[in-house]
Protein chains: 2
Amino acid sequence: MKALADILAELSRGGFRITRARRSMIEVLIGSRLPISAEGLLASLIKQRVPANKTTVYRELNFLKERKIVQEIQFLHERVKRYEVVFGSHHHHLICMGCKSVEDVELDGELEKYERDIMKSRGFKVLNHALEFMGLCEACR
Amino acid sequence: MKALADILAELSRGGFRITRARRSMIEVLIGSRLPISAEGLLASLIKQRVPANKTTVYRELNFLKERKIVQEIQFLHERVKRYEVVFGSHHHHLICMGCKSVEDVELDGELEKYERDIMKSRGFKVLNHALEFMGLCEACR
DNA sequence: TTGCTATTGCAACTAAGTTGCATTAATATG
DNA sequence: CATATTAATGCAACTTAGTTGCAATAGCAA
Ligand SMILES: [Mn+2]
Ligand SMILES: [Mn+2]
Ligand SMILES: [Zn+2]
Ligand SMILES: [Zn+2]
């Protein structure tokens, strides 16, 4: 579980500045248990009286994405992109079509088996994948 | 492999009209081996001198999607949605990051096993999923 | 042929994100 | 601390992808 201080130290070492907006955005991202959109992030900052701007939010999200601090997620049923802090292990999402909640799932060892099969049978080298499950959560069934 | 005539007959039975634009769009969708975007579809129609319009294309794609004649695909690395005719079996895609080619893969029986596990362990009922693999095709490795 | 109404085209609009540029503010250095 | 350097910011204008209202057009059943 990557902590705020670690991320800031890493950025600082890279010659990047720790601004109010940057710190707050990373805080919000760490604190949000669902992947959050740019708009949601901006709203969250404004609520905390952190002066912030749409452009800054988008630029910062791209910055953090390039540095693999956050990952971008595109839910099939949505138009906006969402972001979440990249913790150790890669995972996927269960999206409830009832209440729109999102849960994490890990099932990666398994997918790697398919990826090897795909390599063997088609010569296609898988480097990355995106997987999301849509359905109904326990409460909504 | 669903043929043009079958799709048109099905729509006709439903009380929908077989217009020039509708027929041509379905033809293009059937003929395109990669999922195609609205813009690509429009360009394709114009090249064939079928009078068509952006609004019509978007409306028709939504119409065909609602009727499960086409499925909408959102590639993670793209901003636009793509569409392909739904043939019998559900499948996924291998997207080459080198040449941008797209191949189909089927591995569904397997994913259903995970979906049952997710149900058992989390009480989440999976109704649908989206999976795509990004990597390098045989030619691009 | 005609009437009903599904479909179309246009222009105007929205949503999500990007860009150029002048200004501000972190932070390294003396 | 003072100051210079340049990373980061804010604003307005722009772009891209898709949507909507509405009047005109055109399938198709009778
Ligand atoms: Mn997650
Ligand atoms: Mn396909
Ligand atoms: Zn739910
Ligand atoms: Zn390739």
Side-chain angles (χ1 to χ4, degrees), chain A residues 5 7-28 35-46 48-67 69-83, chain B residues 5 7-28 35-46 48-67 69-83:
Chain A
I7 295 173
L8 295 181
E10 183 190 333
L11 289 176
S12 212
R13 253 180 281 116
F16 303 104
R17 293 170 186 180
I18 309 309
T19 64
R20 183 86 208 278
R22 174 162 291 159
R23 191 202 327 279
S24 300
M25 282 185 232
I26 298 172
E27 263 168 30
V28 170
I36 191 172
S37 66
E39 202 191 1
L41 184 45
L42 180 57
S44 191
L45 293 176
I46 287 168
Q48 295 175 41
R49 310 220 152 45
V50 176
N53 171 280
K54 180 174 121 146
T55 308
T56 303
V57 168
Y58 280 111
R59 274 199 287 236
E60 185 65 15
L61 286 171
N62 284 327
F63 172 88
L64 295 172
K65 183 175 61 164
E66 279 158 20
R67 267 143 209 95
I69 292 166
V70 304
Q71 69 178 121
E72 186 180 270
I73 298 167
Q74 173 69 252
F75 288 144
L76 187 67
H77 66 295
E78 286 190 337
R79 200 169 163 137
V80 298
K81 291 180 194 292
R82 292 179 173 267
Y83 300 83
Chain B
I7 294 174
L8 294 181
E10 181 190 335
L11 290 176
S12 211
R13 253 180 282 114
F16 303 105
R17 295 170 184 178
I18 309 308
T19 63
R20 183 87 207 279
R22 175 162 290 158
R23 192 203 325 278
S24 301
M25 281 185 232
I26 299 172
E27 262 168 29
V28 170
I36 191 171
S37 66
E39 202 191 1
L41 184 45
L42 180 56
S44 190
L45 293 175
I46 286 169
Q48 295 176 40
R49 310 221 152 44
V50 176
N53 170 280
K54 179 175 121 145
T55 307
T56 302
V57 168
Y58 279 111
R59 274 198 288 236
E60 184 65 15
L61 286 171
N62 284 327
F63 172 88
L64 295 172
K65 182 174 64 163
E66 280 158 19
R67 267 145 209 93
I69 293 167
V70 302
Q71 69 178 119
E72 186 179 271
I73 298 167
Q74 172 74 59
F75 290 143
L76 188 68
H77 66 295
E78 286 190 338
R79 203 166 159 143
V80 299
K81 291 179 194 295
R82 292 180 173 266
Y83 299 84

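Here is how names work: the chains are called A, B, and so on, in the same order as the sequence lines, proteins then strands, and each is numbered from 1.
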### Message
Using a distance-only criterion (donor-acceptor N/O pair, under 3.5 Å, no hydrogens), is the base of D:dG10 paired with the side chain of A:R59?
### Response
yes

### Nearest-angstrom distance from the residue atom CG of A:N62 to C1' of D:dA8
14 Å

### Message
For a quick test of reading the model: is some side-chain N or O of B:T19 closer than 4.0 Å to OP1 or OP2 of C:dT8?
### Response
yes

### Task
Starting at atom CE of B:M25, determine the distance to atom C1' of C:dT8, rounded to an integer number of angstrom.
10 Å

## Note on the structure
Scanning both residues in full, the closest heavy-atom pair of A:I69 with A:L11 reads CD1-CD2, 3.7 Å

### Message
Categorize A:R22 for me: base, sugar-phosphate, or nothing, with a 4.0 angstrom heavy-atom threshold over every strand shown.
### Response
sugar-phosphate

#### Entry: Separation of C:dA12 P from B:Y58 OH (nearest whole Å)
19 Å

## Note on the structure
Atom CZ of A:R17 and atom C1' of D:dA4 are separated, to the nearest Å, by 11 Å

### Message
Rounded to whole Å, how long is the line connecting atom CD of A:E60 with atom C1' of C:dG17?
### Response
16 Å

### Message
Categorize B:K81 for me: base, sugar-phosphate, or nothing, with a 4.0 angstrom heavy-atom threshold over every strand shown.
### Response
sugar-phosphate

### Query
Which nucleotide, C:dA6, D:dG18, C:dT8, lies nearest any side-chain atom of B:T56?
C:dT8

#### Entry: Distance, rounded to the nearest Å, where A:L11 contributes CG and D:dA8 contributes C1'
13 Å

### Query
If you round to the nearest 0.5 Å, how far is CZ of B:R79 from OG of B:S37?
13.5 Å

### CD1 on A:I7 to CD on A:E27, rounded to 0.5 Å
10.5 Å

### Rounded distance in Å - CZ (B:F63) to C1' (D:dT19)
18 Å

### Query
With sugar-phosphate meaning primed atoms plus P, OP1 and OP2, does B:T55 contact a base, only sugar-phosphate, or nothing at under 4.0 Å between heavy atoms?
base

### Nearest-0.5 Å distance that lies between atom CD in B:E78 and atom CD1 in B:I73
10.5 Å

### Query
Quick one: which of D:dA8, C:dA15, C:dG9 gets closest to the side chain of A:R79?
C:dA15

### Message
Whole angstroms only, please: what is the CZ-P distance between B:R13 and D:dA29?
### Response
13 Å

### Query
Any ion pair linking B:E72 and B:R82 (charged N to carboxylate O, less than 4.0 Å)?
no

### Message
Here's a test of your reading of the structure: between B:Q74 and A:K54, which maps to the more 5' nucleotide of DNA chain D?
### Response
A:K54

